Participant: 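Input: one structure, supplied below.
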Amino acid sequence: MQFQEWLRSLRFSGGDSKSEMDNLKTLLPSLPSSFSLSSLSLSPSSVVGLGALASLTTYWLVTRPRPIQPPCDLQAQSISVQGDQSCRRSALLKDDNLLEFYYEDTKTVYDMFQRGLRIAGNGPCLGFRKPRAPYQWISYTEVAERAQVLGSGLLAKGCKPNPQQYVGIFAQNRPEWVITEMACYTFSMALVPLYDTLGLEAMVHILNLAEISMVICDKEDKAESLLKIKEKGVTTTLSCLVLFNPFSAALLERGRKCGVEILQWSCWIFNLCLYWLQPPKPQDLAVVCFTSGTTGTDHVTFDCILTEFKTKSSVLQVSMFCHGARVGFYQGDISLLMDDIKTLKPTFFPVVPRLLNRIYDKILGSVTSPLRRVILHYAVRRKQAELSSGVVRNNSMWDRLIFNKIQASLGGNLRFILTASAPISPTVLSFLRATLGCLIFEGYGQTECTAGCTFSMPGDWSAGHVGAPLPCAMVKLTDIPDMNYYAKNGEGEICIRGHSVFRGYLKDEERTGEALDADGWLHTGDVGQWLPNGTLRIVDRKKHIFKLSQGEYIAPEKIENVYTRCVPVLQVFVHGDSLQSYLIGVVVPDPEVFVDWAKERGVVGSYEELCQNPDVKKAVLEDMMAVAKEAGLKSFEQVKDLYLHPDMFSVSNSLLTPTLKSKRVDLRRVFSEQIAQMYSKSSI
């Protein structure tokens with residue numbers, strides 16, 4: 001319960017008057033025991049002055065900013081397990097027994113919402129808004145009632161109240177999404193989220209693998225994409241669609257022709273009979289979550305327990321529900337997001353690093369005057385000095401004079417920000433901690449370990465790491481000899497074990513065995529390093545799959561295989577940085593065709609000269625983009641800049657393995673200067 005007690009300590013209070021008086025006494029000089037006021041001869045003005053000084057001193061002592069007290073020793077945030085320095089657990093635990101349930105009466109997602117219902121009752125739960133209008137709120141009681149009604153409707157349509165019943169949902173985040181989710185959990189059914197980014201092929205795979213007959217959608221266009229699949233005959237189980245929004249008669253007729261019943265949410269649930277609640281058990285399946293950006297068929301199953309859930313955002317939402325908090329949704333238009341934030345005035349804001357990077361760039365871009373820039377950086381340094389002593393506040397002189405407009409742009413009430421899904425630059429993190437005047441935490445994890453396995457410790461405002469293990473998980477590092485990472489040196493592949501680790505991949509024992517070893521350790525493919533204070537730093541990636549700053553997964557070898565189809569391209573190295581939002585490439589042109597290819601486009605020169613010609617580089621990039629588009633690569637999978645290199649990658653120059661595979665670590669090192677130059681250009 002240490003963390004909860006720490007949260008209580010954040011409440012604003014006047015402090016302990018006795019301790020404040022003790023502090024005051026320590027600052028006063030010691031006086032002789034024979035001292036008395038009558039022995040002093042002071043003028044009335046001196047007495048008034050001393051009284052004013054004493055009053056000001058007392059006021060400062062009572063109101064001065066106080067550092068946040070961390071819940072553990074910040075120099076020992078994790079503890080080795082059974083003497084193994086490569087395997088560590090949270091210092092918040094009393095022993096090596098991991099936290100399974102925070103509250104004994106709250107062991108499923110359904111229980112978490114019911115706890116929030118008991119706390120908040122008829123208080124606000126889910127918020128939404130229309131353009132230029134205030135937020136409207138659905139109460140906890142209403143959400144619970146609507147979930148029971150919708151769940152009853154699903155049963156009336158043939159769904160079974162057990163964890164083997166998979167219900168699809170294909171919609172943007174909105175209140176109905178959560179109501180659908182809770183409807184499934186109310187009757188022990190498993191939820192299967194569908195996303196636009198998965199693509200048509202992956203959608204077919206999901207529907208067939210999970211044998212989904214019922215999908216709940218938000219808009220007509222999503223229903224049309226599902227009907228298109230059904231009409232092609234590639235999925236046979238789909239039989240019913242429920243839409244949040246009104247739809248046309250043409251859609252209804254199209255569904256009838258291909259054997260899919262289409263229902264409108266509000267009309268359908270109006271006259272339903274209620275079924276008895278059948279909530280899940282802790283061991284029941286809750287969600288099948290399909291990840292995107294790799295093979296298109298990666299999928300994860302989760303137990304329906306408190307520490308295991310479907311996505312990072314949903315973990316946070318349910319955590320809020322557990323304490324009776326309210327959650328507001330944006331209008332669905334990303335261009336209106338900042339207006340939604342100003343209107344909602346959130347106190348807790350989960351965010352991806354890309355948005356924080358945009359806020360950082362916008363702040364610096366708005367300061368054009370050299371004098372104002374100097375003042376800004378000075379103010380940031382002063383606030384960072386307070387942070388280094390543990391003080392986090394938004395009421396300092398610098399906040400009132402400089403940072404108040406920045407804070408107001410995010411509603412003005414922020415107390416917590418959580419960033420995850422991709423690394424964030426230490427420079428950006430430190431800058432925003434100072435300017436926003438609130439607690440900013442960084443976490444690390446994967447879908448396979450229910451979003452988080454490490455979390456930055458309250459009170460530790462240093463940057464460049466992802467915190468210590470959470471109380472529900474152990475983290476260990478294992479050797480990677482091929483990359484020269486060894487656990488004895490505090491480096492290696494990050495492995496996770498605990499109650500938050502997933503059950504496995506749906507109907508795929510082979511891939512489950514690859515991810516989970518015999519002892520239950522999840523092998524992440526990320527390379528980590530233990531720091532002296534017990535926190536974890538991400539330093540590399542074992543598998544050649546990485547994330548860009550916005551969170552999309554990139555499989556570079558797949559992209560490279562596409563680009564080698566380009567006529568002028570012989571070899572290509574695709575590189576991405578998790579602090580950047582786009583890919584860049586190093587291309588070795590084919591010396592046998594490159595000169596003639598360039599000549600056909602009106603550029604004459606030697607092979608080496610053409611590699612340095614910007615017009616030729618532009619032409620190569622255009623050719624690569626055309627091939628990528630034809631191959632179906634998504635926008636974020638295409639390189640936005642490239643460097644033409646005249647020398648081939650080979651075994652002799654240590655850029656290829658004996659089996660002629662790219663040595664990515666060495667390529668990154670050799671071309672580090674060119675990579676830095678490409679990323680130093682303006683955002684693309």
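Nothing here was measured: the structure is a model prediction, and the numbers come from that model.
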Participant: Please find the pair of heavy atoms, one from Gly324 and one from Ala120, that lie closest to each other, and give the distance.
Facilitator: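 Heavy atoms of Gly324 and Ala120 come nearest at O-CB, 3.9 Å.
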
Participant: Any idea how Tyr275 and Phe187 line up, ring-wise: parallel (<30°), tilted (30 to 60°), or perpendicular (>60°)?
Facilitator: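 Taking Phe187 first and then Tyr275, their aromatic rings stand perpendicular (interplane angle over 60°).
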
Participant: Can you see which heavy atom on Ile262 is nearest to which on Leu227, and at what distance?
Facilitator: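 Looking at all heavy atoms of both residues, the closest pair is CD1-CD1, 4.0 Å.
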
Participant: So does Glu231 pair up with Arg254, basic N to acidic O under 4.0 Å?
Facilitator: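 Judged by the 4.0 Å cut-off on N to carboxylate O distance, Glu231 and Arg254 do form a salt bridge.
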
Participant: Without swapping roles, check the side chain of Asp339 against the backbone of Leu336 for a donor-acceptor pair under 3.5 Å.
Facilitator: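 Here the side-chain-to-backbone pair does not exist.
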
Participant: Side chains of Tyr505 and Glu448 only: does a donor on one sit below 3.5 Å from an acceptor on the other?
Facilitator: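 Yes.
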
Participant: So which heavy atom on Glu220 is nearest to which on Ser248, and how close?
Facilitator: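 Closest pair (atom of Glu220, atom of Ser248, distance): OE2-OG, 2.8 Å.
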
Participant: Between the main-chain N or O of Thr435 and the side-chain N or O of Gln407, is there a donor-acceptor pair closer than 3.5 Å?
Facilitator: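 Side chain of Gln407 to backbone of Thr435: a pair is present.
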
Participant: Using a strict cut-off of less than 4.0 Å between a Lys/Arg side-chain nitrogen and an Asp/Glu carboxylate oxygen, indicate whether Asp526 and Lys547 qualify as a salt bridge.
Facilitator: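 Looking at Asp526 and Lys547, the cut-off is not met.
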
Participant: Measure from the side-chain N and O atoms of Asp105 to the backbone N and O of Asp111, and report whether any donor-acceptor pair falls under 3.5 Å.
Facilitator: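 A pair under 3.5 Å: no.
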
Participant: Apply side chain to side chain contact (heavy atoms under 4.5 Å, CB included) to the pair Phe502 and Cys289, showing each step before the final yes or no.
Facilitator: CA-CA 11 Å; Phe502 78 144; Cys289 180; over 6 Å; no

Participant: Can you name the closest pair of heavy atoms from Pro458 and Phe441 and give their distance?
Facilitator: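 Minimum heavy-atom separation between Pro458 and Phe441: CA-CE2, 3.7 Å.
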
Participant: Within the 3.5 Å criterion, strictly below it, is a donor on Gln331 or Asp340 matched to an acceptor on the partner's side chain?
Facilitator: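 Result is yes, a qualifying pair exists.
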
Participant: Between Leu150 and Trp265, is any pair of side-chain heavy atoms under 4.5 Å apart?
Facilitator: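 Side-chain contact under 4.5 Å: yes.
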
Participant: Check the side chains of Ser213 and Glu211 for a donor-acceptor pair under 3.5 angstrom, ignoring hydrogens and angles.
Facilitator: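 No donor-acceptor contact under 3.5 Å links the two side chains.
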
Participant: Apply side chain to side chain contact (heavy atoms under 4.5 Å, CB included) to residues Glu253 and Arg256 and explain how you reach the verdict.
Facilitator: CA-CA 5 Å; Glu253 178 62 19; Arg256 186 189 64 79; 2.4 Å; yes

Participant: For Ser409 and Lys342, which heavy atoms make the closest approach, and how far apart are they?
Facilitator: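 Between these two residues, the closest heavy atoms are O-CG, 3.3 Å.
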
Participant: Would the Phe113 and Tyr140 ring centres measure less than 6.0 Å apart?
Facilitator: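 They qualify: ring centres under 6.0 Å apart.
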
Participant: State whether the side chain of Gln264 and the backbone N or O of Phe244 hold a donor-acceptor pair below 3.5 Å, judged by distance alone.
Facilitator: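 Present.
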
